[in-house]
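In what follows, chains are A, B, ... by sequence order, proteins preceding strands, each numbered from 1.
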Number of protein chains: 2
Amino acid sequence: MTDEFECDRLDRRRRAITDAARALFIEQGFERTTLGQIVERAGGSLATIYKLFGNKEGLLDAVVFEKAASGENLIREITQCGASPADTLRRLAAVLYERFLDPDDVALVRIVIARSIEDADFARRFFESTAMHTRRALERTFAQWEAQGVRLYGPPDMLAEVFLGLMVSDMQTDAISHGVVARPSAERIAARIEFFLRGAGLA
Amino acid sequence: MTDEFECDRLDRRRRAITDAARALFIEQGFERTTLGQIVERAGGSLATIYKLFGNKEGLLDAVVFEKAASGENLIREITQCGASPADTLRRLAAVLYERFLDPDDVALVRIVIARSIEDADFARRFFESTAMHTRRALERTFAQWEAQGVRLYGPPDMLAEVFLGLMVSDMQTDAISHGVVARPSAERIAARIEFFLRGAGLA
DNA sequence: ACAATCGTGTAATGACTATTACACCTTCGC
DNA sequence: GCGAAGGTGTAATAGTCATTACACGATTGT
């Protein structure tokens, strides 16, 4: 009767709880959200939360890494469909803007950062499974192009860092800091890509 | 008898309290730091804190904006000493790395972000008085160079965004997220600057 | 020195919330 | 239908901490 799976009653409960928790965490942050509010929205009871997630932090863990896992294959799909480097980077930029500036994603990153003050390892794991993942995938792509005879101004790891920094890091930093960031226009994105291609020796 | 000023007894008290508060906020974050701990480290009493800062948030405000104000004239000093654009940007990059990756600064930004979940305006004010300030100063510098006949590939506001994004945003994002970020080597910084100069048409 | 001002130390207030315990009721296999 | 397994709702536990109140002692201007 649910939308996707129905393996078990517990699975439905689990899903309902993480959905409610994610929404509330995004609205109010982790600390201000009480387990009572989550139960109120998801139905069920406190005891179920403790049975499924151990404690409040376990619930945050589940919420955050569920979301982080959902973007894993993104880069690979785009970089492996054989388009030219320039076209690949153009398409990649569009996807990165979409993903990294998504308000829910930004809110989750804020929560991870806030939590990281008390639990640095939590943030490191999140960071490793998102930003680092993206960066290394891109680095491999540059290395692959180089192996195919494309001449690049600079080593793949630097180019990967620079591409990501150039495209979204500054805006993501602004967004995370609650600066008012408008989604950049298509022309603005295009200008940044051309800038990158010139700097990398691809144009 | 104090190091700098001694206008008043209250001023000394104020300084001692914000110093202790800053250190504790950086160590533990805002929420986990109790006013009791601050009193314990700074001496004095709870009543004094309430008299000087109103409440705990007022104290955070004082700590954060005291630090933010200290970097106001940084860009202006560097951009107005008449060096060539390339040299100016080189020197600017060094200063930005120094400042934006300073662990205490990064810890404060984390605190601002955490707080911003509950008070978005707080973060906006911080952001306006730091990152936006830097960006606009840099934008004016590019516009000035253009007016002096330097030809640039792209409008000053885009170049300012791109320069900051390229130099430090990605690393600052990593640092804020508790990713392990090594201070980049001189060669790495130099490579990024050359990358920017190529992209901007300055080399 | 003196008195008034003002910071200090302590303790009380009041509210909040993660976590646990417990007694019902629903669900599912048979 | 029946009985066990396991959610559910409620309430108790227990600790924390911002904030306020208050009586005491130090400091300062005269």
Side-chain angles (χ1 to χ4, degrees), chain A residues 1-2 5-64 111 114-119 122, chain B residues 1-2 5-64 111 114-119 122:
Chain A
M1 292 280 179
T2 49
F5 284 91
E6 193 182 355
C7 312
D8 202 359
R9 204 157 28 115
L10 260 197
D11 274 12
R12 259 179 296 162
R13 222 76 281 292
R14 189 187 186 86
R15 179 66 61 106
I17 292 169
T18 54
D19 282 350
R22 180 175 39 251
L24 284 164
F25 289 164
I26 287 171
E27 280 173 34
Q28 311 177 332
F30 177 66
E31 310 243 23
R32 286 185 93 81
T33 300
T34 72
L35 294 176
Q37 290 175 313
I38 293 171
V39 167
E40 198 178 333
R41 186 175 294 200
S45 77
L46 276 175
T48 310
I49 292 184
Y50 279 92
K51 167 164 291 230
L52 288 174
F53 303 99
N55 56 22
K56 198 184 176 189
E57 291 176 29
L59 179 53
L60 177 65
D61 215 273
V63 164
V64 164
I111 289 166
R115 182 93 199 97
S116 81
I117 295 173
E118 290 156 28
D119 180 0
F122 174 70
Chain B
M1 291 284 178
T2 48
F5 284 90
E6 193 182 353
C7 312
D8 204 356
R9 203 158 29 116
L10 261 196
D11 274 12
R12 260 179 294 162
R13 220 78 281 291
R14 187 185 188 87
R15 179 65 61 105
I17 292 169
T18 54
D19 282 350
R22 179 176 39 252
L24 284 165
F25 289 163
I26 287 171
E27 280 173 33
Q28 311 176 332
F30 177 66
E31 311 241 23
R32 286 187 93 81
T33 299
T34 72
L35 294 176
Q37 290 175 314
I38 293 171
V39 168
E40 200 176 333
R41 187 175 296 202
S45 77
L46 277 175
T48 310
I49 292 183
Y50 280 91
K51 167 165 291 228
L52 289 175
F53 302 99
N55 56 23
K56 198 184 177 188
E57 292 176 28
L59 180 53
L60 178 64
D61 214 274
V63 164
V64 164
I111 289 168
R115 182 92 198 99
S116 82
I117 296 173
E118 291 155 29
D119 181 0
F122 174 70

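Projected onto DNA chain C by closest heavy-atom contact, Tyr50(A) and Ala47(B) fall at different nucleotides, the more 5' of which corresponds to Ala47(B).
Put simply, CG on Leu52(A) is 9 Å from P on dT8(D), counting in whole angstrom units. The nearest whole Å value for the distance from the CZ atom in Arg13(A) to the P atom in dG7(D) is 10 Å. Rounded to an integer number of Å, the gap from NZ of Lys56(A) to C1' of dT17(C) is 8 Å. Between the CG atom of Leu59(A) and the P atom of dT17(C) there is a distance of 16 Å, given to the nearest Å. Rounded to whole Å, atom C1' of dA18(D) lies 11 Å from atom CD of Glu57(B). Put simply, CD1 on Ile49(A) is 12 Å from P on dG9(D), counting in whole angstrom units. Rounded to whole Å, the distance from CZ on Arg12(A) to P on dG6(D) is 17 Å. Per the geometry, CD belonging to Glu31(A) stands 16 Å off P belonging to dT16(D), to the nearest Å.
Distance from the side chain of Leu46(B) is smallest to dT20(D) among dT19(C), dG7(D), dT20(D).
Looking at heavy atoms from C-beta onward, Ile117(B) lies out of side-chain contact with Phe30(A) at the 4.5 angstrom threshold. The side-chain heavy atoms of Glu118(B) and Glu57(B), taken from C-beta on, include no pair separated by under 4.5 Å. Taking 4.5 Å as the limit, some side-chain heavy atom of Phe53(A) sits within range of a side-chain heavy atom of Thr18(A).
Rounded to the nearest 0.5 Å, atoms CG (Asp19(A)) and CG (Leu24(A)) are 11.0 Å apart. Distance check, rounded to the nearest 0.5 Å: CZ of Phe25(B) to CZ of Arg32(B) gives 14.0 Å.
For Thr48(B) and dC6(C), the shortest distance from a side-chain N or O to OP1 or OP2 is not below 4.0 Å. Not one side-chain nitrogen or oxygen of Lys51(B) sits closer than 4.0 Å to the OP1 or OP2 atom of dC6(C).
Proximity of a side-chain donor or acceptor of Gln37(B) to a complementary backbone N or O of Thr34(B) within less than 3.5 Å is detected. Using modelled atom types, one side-chain atom of Arg13(A) and one backbone atom of Ala42(A) make a donor-acceptor pair closer than 3.5 Å.
If you check residues 34-45 of chain B against DNA chain C, the residues with a heavy atom closer than 4.0 Å are Gly44(B), Ser45(B), listed by number.
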